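Every value quoted in this text rests on a predicted model; they were computed, and no experiment measured them.
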Amino acid sequence: MLGLDADRLRADLNRLLAFLFHQGILDEQYLQLQQLQDESSPNFVSEVVNIYFHESEKLLRNLRSSLMDREFSDYDKMGIHLNQFIGSSSSIGAKRVRNVCVAFRAASDQYNRAGCLRALELLEHEYCILKNKLHELFQIEQQRLLAAGVRYPMLN
């Protein structure tokens, strides 16, 4: 029975991944990240993605607080935050988030406050979708590992 549940969960995992690629939420960089995971680091992908989420939330707070300041004029600093967001999103394969960051950066380069505000709203939306979908993906993977009876050695 354990094997059947694990097989069903593997199929669920593959369907969700296919959906995320089809929708452009993820790109091939995510698969390359997965290839770095093995028995010696079974949680590698989720750990990297959790670091990404932690850092991204700081960047989103900084971007939002900058744009909410009526006297805001430091578009260069905003560009630095956006470059960080673009790089980290690219490194985990967060394609749609990266693409929104690129558009946001273009608005910032043109000193377009209204465009930046619209881009920030879209960025927060896409980031939320990414976070929810990857959380779902990791939950299915954890369930699959439990159903398969996979045991990783305890680390000291």
Chi angles and distances behind the salt bridge (charged side-chain N to carboxylate O under 4.0 Å, His left out) call for Arg15, Asp12: CA-CA 5 Å; Arg15 272 192 296 277; Asp12 291 349; 2.4 Å; yes
* For Leu63 and Leu123, run side chain to side chain contact (heavy atoms under 4.5 Å, CB included): C-alpha distance rounded to whole Å, both residues' side-chain angles, the deciding distance at 0.1 Å, then the answer. => CA-CA 10 Å; Leu63 290 167; Leu123 178 57; 4.2 Å; yes
Please answer whether the main-chain N or O of [Y] pairs with a side-chain N or O of [X] as donor and acceptor at a distance below 3.5 Å.
X      : Y      : value
Arg105 : Gly79  : yes
Arg64  : Glu124 : no
Arg113 : Leu67  : yes
Ser89  : Ile86  : no
Ser65  : Arg61  : yes
Ser41  : Gln37  : no

Transitive ILVMFWY side-chain link [X] to [Y], under 4.5 Å:
X     : Y      : answer
Phe53 : Val45  : yes
Val49 : Leu36  : yes
Phe85 : Ile80  : no
Ile51 : Leu130 : no
Ile25 : Leu31  : yes

Could you check Met68 against Leu117 for side chain to side chain contact (heavy atoms under 4.5 Å, CB included), going step by step and ending with a plain yes or no?
CA-CA 9 Å; Met68 293 301 112; Leu117 286 167; 3.5 Å; yes
Ser91 and Tyr52: side-chain donor and acceptor closer than 3.5 Å?
no
Does the side chain of Glu57 come under 3.5 Å of the side chain of Tyr127 through a donor N or O and an acceptor N or O? yes
Look up atom [atom1] in [X] and atom [atom2] in [Y], then write down how far apart they are to the nearest 0.5 Å.
X      : Y      : atom1 : atom2 : result
Gln142 : Leu137 : CD    : CG    : 11.0 Å
Asp109 : Tyr75  : CG    : OH    : 11.0 Å
Gln84  : Ser56  : CD    : OG    : 10.0 Å
Asn14  : Arg144 : CG    : CZ    : 9.0 Å
Cys101 : His81  : SG    : NE2   : 12.5 Å
Glu136 : Leu20  : CD    : CG    : 8.0 Å

Are [X] and [Y] side-chain neighbours, meaning at least one heavy-atom pair lies under 4.5 Å?
X      : Y      : result
Leu82  : Leu59  : no
Leu33  : Phe44  : yes
Cys128 : Asn132 : yes
Ser90  : Gln29  : no

For a side chain to side chain contact (heavy atoms under 4.5 Å, CB included) check, start with the C-alpha distance between Val97 and Ile129, then their side-chain angles and the critical distance, and finish with the verdict.
CA-CA 9 Å; Val97 169; Ile129 291 170; over 6 Å; no
Which atom names give the shortest non-hydrogen contact between [X] and [Y], and what distance separates them?
X      : Y      : value
Met78  : Ser66  : CE-CB, 4.5 Å
Gly115 : Ala107 : C-CB, 3.8 Å
Ala147 : Leu9   : CB-CD1, 4.0 Å

For the pair Leu134 and Gln139, evaluate side chain to side chain contact (heavy atoms under 4.5 Å, CB included) and give the outcome as yes or no after the intermediate values. CA-CA 9 Å; Leu134 286 180; Gln139 282 185 320; over 6 Å; no
Run the salt-bridge test on Glu121 and Arg118 with the 4.0 Å N-O cut-off and return the result as yes or no.
-> no
**Request:** Taking atom OH of Tyr111 as the centre, report whether more than 12 heavy atoms of other residues, nucleotides or ligands fall under 6.0 Å from it.
**Result:**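 Counting other residues, nucleotides and ligands, OH of Tyr111 stays at 12 neighbours or fewer.
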